[in-house]
Amino acid sequence: MNFYEKVYQIVQMIPAGRVASYGQIALMAGNPKASRAVGYALHVNPLPGVIPCHRVVNREGRLAPGFAFGGQDEQKKLLEAEGVDVDDNGYVNMQLYAWNNANP
DNA sequence: ACCATGACTCCAT
DNA sequence: CATGGAGCCATGG
């Protein structure tokens with residue numbers, strides 16, 4: 001299994017209404033320091049619509065700078081549609097929405 | 001193998 | 001808060 005595939009698998013495991021950080025995904029993929037590669041993996045996302053990249057945020061719960069997949073607005077709408085509250089600055093409350101394996 | 005790039009993260013200024 | 005450097009990783013030329 002490629003690193004990318006791991007990333008995609010993990011991202012697809014993220015339940016609706018939750019968000020995960022790149023570092024979190026990197027950790028699950030086996031490389032805690034591969035957060036960068038994770039972002040790259042999603043950047044080349046081969047399965048748009050299947051991989052909920054909108055549920056992936058940085059460690060602070062902040063959304064992508066804007067050029068991610070149509071803009072923060074799009075990501076914001078998608079997240080809010082799932083019940084994730086996003087502020088106007090593009091931040092989500094990680095304390096409430098952070099995703100953990102053992103915290104459904 | 002080397003170098004450049006990037007949706008990251010950490011730390012210093 | 002803004003900016004920059006350093007460290008890490010996968011990918012592509």
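Lettering of chains follows the sequences in order, A, B, ..., and the numbering in each one begins at 1.
Here C/dA10 sits opposite B/dT5 as a Watson-Crick or G-U wobble pair (both hydrogen-bonding atom distances under 3.5 Å). Here C/dG5 sits opposite B/dC10 as a Watson-Crick or G-U wobble pair (both hydrogen-bonding atom distances under 3.5 Å).
Going from atom CG of A/Asn58 over to atom C1' of B/dC10 covers 13 Å, rounded to whole Å. For the pair A/Ile10 CD1 and B/dA7 P, the interatomic distance rounds to 20 Å; values are reported in whole Å. Counting to the nearest Å, the P atom of B/dC11 and the CZ atom of A/Arg59 are 8 Å from each other. We find that OH of A/Tyr22 is positioned 9 Å from P of B/dA7, with the value rounded to whole Å. Across the protein-nucleic acid pair, A/Arg62 atom CZ and C/dC1 atom C1' stand 13 Å apart, rounded to whole Å. With rounding to whole Å, A/Asn31 atom CG is found 15 Å from B/dT9 atom C1'. Distance A/Met1 CE to C/dA10 P: 15 Å, rounded to the nearest Å. Taking atom OH of residue A/Tyr40 and atom P of nucleotide C/dG7, one finds them 22 Å apart after rounding to whole Å.
Ranking B/dC8, C/dT11, C/dC9 by closeness to the A/Ser35 side chain, first place goes to B/dC8. Side chain of A/Arg36, nearest nucleotide from C/dC8, C/dT11, B/dC10: C/dC8.
Under the 4.5 Å side-chain heavy-atom criterion for ILVMFWY residues, a single connected hydrophobic cluster contains both A/Val38 and A/Met28. Taking hydrophobic clusters as Ile, Leu, Val, Met, Phe, Trp and Tyr residues chained together by side-chain heavy-atom distances below 4.5 Å, A/Phe3 does not share a cluster with A/Met1.
At the heavy-atom level, A/Ala37 lies under 4.0 Å from base atoms of the strands shown.
In this model, the phosphate group of B/dA7 is not approached by any side-chain N or O of A/Asn45 to a distance below 4.0 Å at OP1 or OP2.
A/Gln12 contributes a side-chain N or O that, together with a main-chain N or O of A/Tyr8, makes up a donor-acceptor pair within less than 3.5 Å.
Considering CD1 of A/Ile14 and CZ of A/Arg55, their distance stands at 7.0 Å, rounded to 0.5 Å.
Around atom CD of A/Glu60, more than 12 heavy atoms belonging to other residues, nucleotides or ligands sit under 6.0 Å away.
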